[in-house]
**Student:** 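Sharing a structure here in structure tokens format.
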Amino acid sequence: MAESFDHIGSTSVPGLKAKPFIDLQVRVSELPQSGLLDEALAPVGFVPTTGSRPDSPGVYRDIPRGSEVVPDEVWRKRLFVHDVDGPDGAILHVRLASPPWGRYTVWFRDWLRARPEARDRYAGFKTATAAEHAGDADYDDYTLAKTAFFNQAQAEFEVWGRRR
């Protein structure tokens, strides 16, 4: 059962340059079996993705981060895509509700919305990182490189998010 639905990612932050598709997050109390989830999302055009390589970040699990100590299994997730090369492109992250990652995505989004200087700092970092990785064989290198910004900003937006 879904506990929350969130618009996350760069398109959720006004004034932040973004790819032409949106990132959505559904937090669930329990991850459904793969086949059941795939069947439920197929009629609305979402299909499971495997990423560019077997260890693609964020496809089957999130990269553990933050100050909370949680069991390793809570980082499991599923990733789906919808028409990413078309006008209705979307990425759907299905995560467990209990681990911190789902909160972090919302805190990060809201922190960027509330702090224009942080948004602009992230925008500059993303632009430079995208340019550095423009010729990469797959998108995963760019995704992993963005981790450096989150490593720098994690404590700041986490403290900010807990105060809300």
**Student:** Going by atom types alone, do His133 and Thr129 pair a side-chain donor with an acceptor below 3.5 Å?
**Tutor:** no
**Student:** Return the minimal non-hydrogen interatomic distance between Gln154 and Gly66, and the atom names on each side.
**Tutor:** NE2-CA, 3.6 Å
**Student:** Holding to side chain to side chain contact (heavy atoms under 4.5 Å, CB included), I want the full list of residues that pass it with Thr127, two or more places apart in sequence or in another chain.
**Tutor:** none
**Student:** Does some side-chain heavy atom of Asp38 sit less than 4.5 Å from a side-chain heavy atom of Phe80?
**Tutor:** yes
**Student:** Where is the tightest heavy-atom contact between Pro14 and Arg113, given as atom of each residue plus distance?
**Tutor:** CD-CG, 4.1 Å
**Student:** To the nearest 0.5 Å, tell me how far Leu92 CG sits from Thr49 OG1.
**Tutor:** 12.0 Å
**Student:** Give a yes or no on whether Leu36 and Leu41 share a hydrophobic cluster (residues Ile, Leu, Val, Met, Phe, Trp, Tyr; joining criterion: side-chain heavy atoms under 4.5 Å apart).
**Tutor:** no
**Student:** Under the 3.5 angstrom rule, does the side chain of Lys77 hit a backbone N or O of Gly58 as a donor-acceptor pair?
**Tutor:** yes
**Student:** Hey, mind stepping through Glu68 and Arg103 against side chain to side chain contact (heavy atoms under 4.5 Å, CB included) and telling me if it holds?
**Tutor:** CA-CA 11 Å; Glu68 294 182 49; Arg103 287 188 303 281; 2.6 Å; yes
**Student:** To the nearest 0.5 Å, what is the distance between CZ (Arg95) and CG (Asp62)?
**Tutor:** 4.0 Å
**Student:** Give, for atom CG of Asp141 and atom CD of Glu132, the distance between the pair rounded to the nearest 0.5 Å.
**Tutor:** 11.5 Å
**Student:** If two hydrophobic side chains count as joined below 4.5 Å and joins carry through other members, does Leu37 share a cluster with Val44?
**Tutor:** yes
**Student:** Does anything in residues 14-37 pair up under ring-ring contact (aromatic ring centres under 6.0 Å, His included), and if so which pairs, sequence neighbours excluded?
**Tutor:** none
**Student:** Please list, chain by chain and in numerical order, all residues satisfying ring pair (Phe, Tyr, Trp, His ring centres under 6.0 Å) with Tyr60, sequence neighbours excluded.
**Tutor:** none
**Student:** If you group Ile, Leu, Val, Met, Phe, Trp and Tyr by side-chain heavy-atom gaps below 4.5 Å, do Val59 and Ile63 land in one group?
**Tutor:** no
**Student:** Give every residue pair that meets the side chain to side chain donor-acceptor pair (under 3.5 Å) criterion with at least one member in residues 81-90, sequence neighbours excluded.
**Tutor:** none
**Student:** Under the side chain to side chain contact (heavy atoms under 4.5 Å, CB included) criterion, do Arg27 and Thr105 qualify, and how do the steps go?
**Tutor:** CA-CA 11 Å; Arg27 290 185 268 174; Thr105 59; 5.9 Å; no
**Student:** Could you give the distance from CD1 (Ile8) to CG (Leu24), rounded to the nearest 0.5 Å?
**Tutor:** 7.5 Å
**Student:** Transitive ILVMFWY cluster of Tyr104 at side-chain heavy atoms under 4.5 Å: who else is in it?
**Tutor:** Val13, Leu16, Trp107, Phe108, Trp111, Leu112, Tyr122, Phe125, Phe149, Phe150, Phe157, Trp160
**Student:** Tell me, with the steps shown, if Ser12 and Gln25 meet side chain to side chain contact (heavy atoms under 4.5 Å, CB included).
**Tutor:** CA-CA 12 Å; Ser12 69; Gln25 169 178 268; over 6 Å; no
**Student:** Kindly give the heavy-atom pair with the smallest separation between Lys17 and Ser10, and that separation in Å.
**Tutor:** O-CB, 3.7 Å
**Student:** Side chain to side chain contact (heavy atoms under 4.5 Å, CB included) between Leu96 and Glu73: does it pass, once the steps are laid out?
**Tutor:** CA-CA 10 Å; Leu96 291 169; Glu73 65 269 7; over 6 Å; no
**Student:** If I compare all heavy atoms of Arg61 with all of Asp72, which pair ends up nearest, and what's the gap?
**Tutor:** NH2-OD1, 2.9 Å
**Student:** Going by the rule side-chain hydrogen bond (donor to acceptor under 3.5 Å, both in side chains), which residues pair with Glu117 if we only count those two or more places apart in sequence or in a different chain?
**Tutor:** Arg115
**Student:** Quick check on the hydrophobic clustering: are Val94 and Phe46 connected, directly or via other members, by side-chain heavy-atom contacts under 4.5 Å?
**Tutor:** yes
**Student:** Please say yes or no: joined through hydrophobic side-chain contacts below 4.5 Å, possibly via intermediate residues, are Leu31 and Val26 part of one cluster?
**Tutor:** yes
**Student:** When you measure from the side chain of Arg78 to the backbone of Pro48, do you find a donor-acceptor pair of N or O atoms at a distance under 3.5 Å?
**Tutor:** no
**Student:** Search all heavy atoms of Ala40 against all heavy atoms of Pro43 and return the closest pair with its distance.
**Tutor:** O-CD, 3.5 Å
